[in-house]
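Notes for the one structure printed next.
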Protein chains: 2
Amino acid sequence: MEPQITPIACAPGAPTAQALKVACSNCNLRELCLPVTLAEDEMQRLDSLVEGRKVIRRGETLFRAGDTFHSIYAVRTGFFKTRVSAPDGRDQVTGFLMAGELLGFDGIGTDRHTCDAVALEDAQVCTIPFAQLENLSREFTPLQRQFHKIMSREIVRDHGVMLLLGSMRAEERLAAFLLNLTRRLHSRGFSASELVLRMTREEIGSYLGLKLETVSRAFSKLQDDGVLEVKQRQVRVLDEAALRALIDSGR
Amino acid sequence: MEPQITPIACAPGAPTAQALKVACSNCNLRELCLPVTLAEDEMQRLDSLVEGRKVIRRGETLFRAGDTFHSIYAVRTGFFKTRVSAPDGRDQVTGFLMAGELLGFDGIGTDRHTCDAVALEDAQVCTIPFAQLENLSREFTPLQRQFHKIMSREIVRDHGVMLLLGSMRAEERLAAFLLNLTRRLHSRGFSASELVLRMTREEIGSYLGLKLETVSRAFSKLQDDGVLEVKQRQVRVLDEAALRALIDSGR
DNA sequence: CGTTTGCTTGACAGCATTCAACGTTGGTGG
DNA sequence: CCACCAACGTTGAATGCTGTCAAGCAAACG
């Protein structure tokens, strides 16, 4: 029940000035994004498919519920949240996405997006036109396999969140959330014990099914217990084992 | 935020005696399961792909977390639940599946299933070997499209459940659950206002992130309010508008 | 017909929410 | 450069919803 990375496309190893076009073949996120070994010509096909980077400023949306679906997006830099909204206005953050992760799968089913994707900091994404991705994946089996795996992991990830929302108490939810974040950051070369949150307490709360005050209290509690050191959005994990103990010896 | 039907394969229009092999081309669930218009030869290919029915008795599992993944399954008759388990033993029902719906997508990502699928009543399923489904979908674009749509809808459905678990109160959750069930039953030709639950209060509770006593109380409350008539697992919806009002004018 | 399993209801406890006040941070403009 | 403002975060007190524990009842099964 621990969410996975959901990768596919592209960010340049050493970006040439003003390079609007980005080559997957030369992308330092390749391992995360689309971990498939490709022959050279196949990789070129993939490159030609992916459109150049697109910039989204902090607070702006990459897409919104109701927008017609055209493309999957790969995060190159920055940080996103996705959220769904009920007719009465209440909404739920359904995920946080960092470099190398993909978003937009929600739109395939109905040809319209069903959630909003909001940048939590200035961000760049690669645009992958879905029709072309489908075309290429028909010709190229490993790409097809990988694509299916990524969607499946998204489903598994969501099941993990459902478990969290359905059966954990506030502190346990926060522990699971932090462990998930640090694991993903660590696999990107960042510290496994120190992190800077890119989202507010309210957004964390929405994701975890808690009110912002409860999130704040849970942070304070874990700090008092010597498990974390928290200074606003700066978090240091002092006792990872204690975090783990919280979630898998729950009740 | 209302879950959708997730269809693909097969059940016979008029089952010939002892027919182990089932033809999708002659299946009365075709509309639900794999709503794709196919040429005759293409349909034959699909038929040859789907293995005959498999019987699962009430309480038995179709697959379990950890089992190696081979196939997607289409429910022909009966009723399933899927559930994920945390290392400490607590588990969460992640879905209820009825005739015409598909299960097993969780296994694609890691080549192992990540949840259990349990029959809540004697059931029959069609087995669709995944490797062959991938092969056929490479050749046959509409099948590919449909398959992707189905997985996407599964993701969207899960987002709806996350919204429910994250922001609704007990009665609202139950209302959303009942509306979802009646809609799916209605699209199968059953009454939209009368239903027989195939799961226990505890299973409903697990799905909705509530204890069984809370589920029971919510049923009683809705009955007292004249919205439902409840006799154990027999439920009649007296005021569907009231149910809807509960969920989309929540707080 | 008895036993088991599932459902209902009550009383009480506990955890998260609500409401409110205060503190902190970062950005903006005087 | 500093003051101010707005957004964000922390903390306390009280309320309330859901969970827990327990008892009794109904239905299903052998």
Side-chain angles (χ1 to χ4, degrees), chain A residues 57-59 79 81 90 92-93 118 120-122 164-178 195-225 228-235 246 250-251, chain B residues 57-59 79 81 90-93 118 120-122 164-178 195-225 228-236 246 250-251:
Chain A
R57 298 250 158 259
R58 174 196 169 108
F79 207 88
K81 70 173 175 184
R90 64 183 146 198
Q92 171 79 20
V93 171
V118 184
L120 297 183
E121 54 184 27
D122 292 356
L164 178 149
L165 291 171
S167 70
M168 291 187 179
R169 288 170 322 106
E171 260 180 73
E172 298 167 348
R173 296 185 197 193
L174 186 58
F177 171 70
L178 290 173
L195 68 158
V196 178
L197 301 173
R198 303 297 157 86
M199 69 294 282
T200 66
R201 299 291 191 260
E202 184 168 21
E203 287 162 336
I204 297 172
S206 175
Y207 182 63
L208 298 178
L210 301 169
K211 293 297 166 186
L212 67 94
E213 295 95 331
T214 307
V215 174
S216 182
R217 275 185 250 272
F219 269 120
S220 299
K221 177 67 162 45
L222 289 175
Q223 181 165 238
D224 292 349
D225 292 352
L228 299 179
E229 196 175 297
V230 185
K231 271 197 290 250
Q232 304 286 128
R233 298 196 181 183
Q234 291 269 3
V235 177
L246 260 180
R251 49 194 52 221
Chain B
R57 298 251 159 257
R58 174 196 170 110
F79 206 88
K81 69 173 175 183
R90 62 183 147 197
D91 57 5
Q92 170 80 20
V93 171
V118 184
L120 296 184
E121 54 183 27
D122 292 356
L164 178 150
L165 290 171
S167 70
M168 290 187 179
R169 290 172 319 105
E171 261 180 71
E172 298 166 349
R173 296 185 197 194
L174 185 59
F177 171 70
L178 290 172
L195 67 158
V196 178
L197 302 173
R198 303 297 158 85
M199 69 294 283
T200 67
R201 299 291 191 260
E202 184 168 21
E203 287 162 336
I204 296 172
S206 174
Y207 183 64
L208 298 178
L210 302 169
K211 293 296 166 186
L212 68 94
E213 295 94 331
T214 306
V215 174
S216 181
R217 275 186 248 272
F219 269 121
S220 299
K221 177 66 160 47
L222 289 174
Q223 182 164 238
D224 292 349
D225 293 353
L228 299 179
E229 197 176 297
V230 185
K231 272 197 289 243
Q232 304 285 126
R233 298 196 181 183
Q234 291 269 3
V235 177
R236 178 195 291 260
L246 259 181
R251 46 195 55 222

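Lettering of chains follows the sequences in order, A, B, ..., and the numbering in each one begins at 1.
Residues passing the salt bridge (Lys or Arg N to Asp or Glu O under 4.0 Å) test with Arg217(B): none are found, sequence neighbours excluded. Under the side-chain contact (heavy atoms from CB on, under 4.5 Å) criterion, Ser216(B) pairs with no residue at all, not counting sequence neighbours. With sequence neighbours excluded, no residue satisfies salt bridge (Lys or Arg N to Asp or Glu O under 4.0 Å) with Glu229(A). For Gln234(A), there are no side chain to side chain donor-acceptor pair (under 3.5 Å) partners two or more places apart in sequence or in a different chain. The salt bridge (Lys or Arg N to Asp or Glu O under 4.0 Å) check on Glu213(A) picks up nothing, with sequence neighbours excluded. Applying the salt bridge (Lys or Arg N to Asp or Glu O under 4.0 Å) rule to Glu202(A) yields no partners; only residues at least two apart in sequence or on another chain are considered. With sequence neighbours left out, Gln223(B) forms a side chain to side chain donor-acceptor pair (under 3.5 Å) with no residue at all.
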Audit row: Tyr207(B), Met199(B), side-chain contact (heavy atoms from CB on, under 4.5 Å) steps and yes/no: CA-CA 10 Å; Tyr207(B) 183 64; Met199(B) 69 294 283; over 6 Å; no
CA sep, side-chain torsions, deciding dist, call: Arg233(A), Leu195(A), side-chain contact (heavy atoms from CB on, under 4.5 Å): CA-CA 8 Å; Arg233(A) 298 196 181 183; Leu195(A) 68 158; over 6 Å; no
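Within the 4.0 angstrom heavy-atom criterion, base atoms lie near Leu212(B). No contact: Gly205(B) has no heavy atom under 4.0 Å from any strand.
The distance from atom CG of Leu165(A) to atom P of dT18(D) is 15 Å, rounded to the nearest whole Å. The distance from atom CZ of Arg169(A) to atom C1' of dT20(D) is 13 Å, rounded to the nearest whole Å. Distance Leu197(B) CG to dC7(C) P: 9 Å, rounded to the nearest Å. With rounding to whole Å, Met168(B) atom CE is found 13 Å from dT18(D) atom P. Rounded to an integer number of Å, the gap from Leu210(A) CG to dT18(D) C1' is 14 Å. Between Glu202(A) atom CD and dA7(D) atom P there is a gap of 12 Å when expressed in whole angstrom units. Remark: P of dG19(D) and CD of Glu172(A) are 14 Å apart, rounded to the nearest angstrom. Rounded to whole Å, the distance from NZ on Lys231(B) to C1' on dT8(C) is 16 Å.
Five base pairs at each end of the helix from dC1(C)-dG30(D) to dG30(C)-dC1(D) define two local axes, and these are offset by 40° (rounded to 10°).
Arg201(B) has a side-chain polar atom (N or O) that falls below the 4.0 Å cut-off from OP1 or OP2 of dT8(C).
Between Glu171(A) and Lys221(A), the shortest heavy-atom contact is OE2-CG, 3.3 Å.
Between Leu174(B) and Leu210(B) the shortest side-chain heavy-atom distance does not fall below 4.5 Å.
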What nitrogen or oxygen pairs link the protein and nucleotides 23-30 of chain D at under 3.5 Å?
none

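In the region residues 213-221 of chain B, proximity to DNA chain C at under 4.0 angstrom, judged on heavy atoms, holds for Glu213(B), Ser216(B), Arg217(B), Ser220(B).
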